Participant: 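Have a look at this one before I ask anything.
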Amino acid sequence: MHAAPALSPTSDAPGAPGSSPDGTAAGTAADVPERGVVDRVVSWYDEHARDLPWRAPDRTPWGVLVSEVMLQQTPVVRVEPAWRAWMGRWPTPADLAAAPTADVLRAWDRLGYPRRALRLQQCAQVVVDRHGGQVPDDEAALLALPGIGSYTAAAVRSFAFGRRAVVLDTNVRRVLARAVDGHALPAPAQTRAEVERAAALVPDDDASAARWAQASMELGALVCTARAPRCDECPLVSSCAWVAAGRPADLHAHRRRTQAWAGTDRQVRGRIMALLRESPVHVPEPVLDEAWSATPQRARALAGLLADGLVVEHQPHPDEPPSYALPG
DNA sequence: AAACCGGGGCC
DNA sequence: GGCCCAGGTTT
């Protein structure tokens, strides 16, 4: 079908694992094809890593976990100030676990997908109750936490504990799709084969694996971007299969469908949540009705929020309309 | 496998 | 106005 990929895991002979950090820091060109993909990307990262607070030396595993949950579908630029405020207010799992849920949802503000905030607090409670207040470092225990899936579990293991993990997010998927497969973008759904291919590229030792995880994600975020990749700044350009093929268009373009937004239940939920976040007191139903004019959709959205535990209902008197508020 | 779940910024 | 963003959970 296709020619041998320009890059392959076997071209990445780990060489001397503990060799890099001392001497020459890749003086000029990071793009030396003779070096493995991993080495080139890690060297690039050493010079171009962003200075993000959840990467600071004084970071905690809990801080890393909080950042990863916030970063699920929310861009870094919007997460950074929210993370600083959040960690200043609730530095430990015990702090968050003890907070009123309404405060947590207000602090989440407009990061989106507020169920994440709810699950993050539940996660804090589980960490306190079942792990002595310490974030666990093994895969199964992390995956068992609310709101933590395969990506976030791997990211926490790698970024917080420096352990080997297959960290495969949208950035890494795109980097590998281009550099190895020669595709403009990865397939819409992650496949098992894709995970195994990514796993084969991860260095064997913990420290190198953790650096590769950080570096490959950063390359995807800063250089190998979805929209306008900066191939002239890429340490892999000389061996990139996608560049070699002339940067062909996306194979799956016809299958991608962007989520509708205007007029959806999600927009109505967002308006209701915004209204309740801003109200210090319970909101009577007639006031809540201002969030959306179409009654059936408004009712459906509210029912969903109640079912999710993001909103609670109060009805002091049976002959009066109920009122609504954030929980706790 | 597909649907559902926010919100903002950039092209 | 379309597209993208350090995904997870549910059906």
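Being a predicted model, the structure only gives us computed values, none of them experimental. Only heavy atoms go into these numbers, but all of them, side chains included; no hydrogens, no water, no symmetry mates.
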Participant: What's the gap between C:dA6 and B:dC4 when it is taken at their P atoms, as a whole Å value?
Facilitator: 24 Å

Participant: CG of A:Leu71 versus P of C:dG7: gap in Å, rounded?
Facilitator: 8 Å

Participant: Could you measure between the two P atoms, the one in B:dG8 and the one in C:dG8, and give it in whole Å?
Facilitator: 23 Å

Participant: Considering only NZ, NE, NH1 and NH2 on the basic side and carboxylate oxygens on the acidic side, decide whether A:Arg115 and A:Asp308 come within less than 4.0 Å.
Facilitator: yes

Participant: At under 4.0 Å between heavy atoms, how does the protein contact nucleotides 6-11 of chain B? Give one character per nucleotide, 5' to 3', with B, S or -.
Facilitator: BBSBBS

Participant: Please enumerate all residues that pass ring-ring contact (aromatic ring centres under 6.0 Å, His included) together with A:His183, with sequence neighbours excluded.
Facilitator: none

Participant: Roughly, in whole Å, what's the span from CZ in A:Arg257 to P in B:dC5?
Facilitator: 18 Å

Participant: When the distance from NE2 of A:His254 to P of C:dG2 is rounded to whole Å, what number comes out?
Facilitator: 19 Å

Participant: Would you find more than 12 non-hydrogen atoms of other residues, nucleotides or ligands less than 6.0 Å from A:Asp51 atom CG?
Facilitator: no

Participant: Pick base, sugar-phosphate or nothing for A:Trp108, based on heavy-atom distances below 4.0 Å to the nucleic acid.
Facilitator: nothing

Participant: Quick check on the hydrophobic clustering: are A:Val42 and A:Leu168 connected, directly or via other members, by side-chain heavy-atom contacts under 4.5 Å?
Facilitator: yes

Participant: Check whether A:Ser216 reaches the backbone of A:Trp212 with its side chain - one donor and one acceptor, N or O, closer than 3.5 Å.
Facilitator: yes

Participant: Using atom CH2 of A:Trp212 as one end and atom P of C:dA6 as the other, report the distance to the nearest whole Å.
Facilitator: 16 Å

Participant: Over all strands shown, is A:Leu65 touching base, sugar-phosphate only, or nothing at heavy-atom distances under 4.0 angstrom?
Facilitator: nothing

Participant: Using atom NE2 of A:His252 as one end and atom P of C:dC3 as the other, report the distance to the nearest whole Å.
Facilitator: 16 Å

Participant: Mind checking side chain to side chain donor-acceptor pair (under 3.5 Å) for A:Arg178 and listing every partner two or more places apart, or none if nothing turns up?
Facilitator: none

Participant: Could you give the CE-to-P distance, from A:Met217 to C:dC5, as a whole number of Å?
Facilitator: 12 Å

Participant: Charged N to carboxylate O under 4.0 angstrom, A:Asp95 versus A:Arg89?
Facilitator: no

Participant: Calculate the interatomic distance between A:Leu118 atom CG and B:dC5 atom P; express it in whole Å.
Facilitator: 15 Å

Participant: Which ones in residues 141-162 of chain A lie close to DNA chain B, meaning a heavy atom under 4.0 Å from one of its atoms?
Facilitator: none

Participant: Pick the nucleotide of DNA chain C nearest each of A:Arg119 and A:Glu218; which residue has the one closer to the 5' end?
Facilitator: A:Glu218

Participant: Given atom CZ of A:Arg255 and atom P of B:dA3, what is their separation to the nearest angstrom?
Facilitator: 11 Å

Participant: For A:Arg50, answer base if it contacts any base atom (sugar-phosphate contacts may also be present), sugar-phosphate if it contacts only those atoms, and nothing otherwise; contact means non-hydrogen atoms under 4.0 Å.
Facilitator: base

Participant: My understanding is that only residues two or more places apart in sequence, or in another chain, count here; which of them pass ring-ring contact (aromatic ring centres under 6.0 Å, His included) with A:His48?
Facilitator: A:Trp44

Participant: Quick one: is C:dC5 close enough that its OP1 or OP2 comes under 4.0 Å of any side-chain N or O from A:Arg174?
Facilitator: yes

Participant: I'd like to check A:Trp54 versus A:Phe159 (side-chain heavy atoms, cut-off strictly below 4.5 Å). Are they in contact?
Facilitator: no

Participant: If a pair satisfies salt bridge (Lys or Arg N to Asp or Glu O under 4.0 Å) and one of its residues is in residues 284-297 of chain A, list it, with sequence neighbours excluded.
Facilitator: A:Asp289-A:Arg298

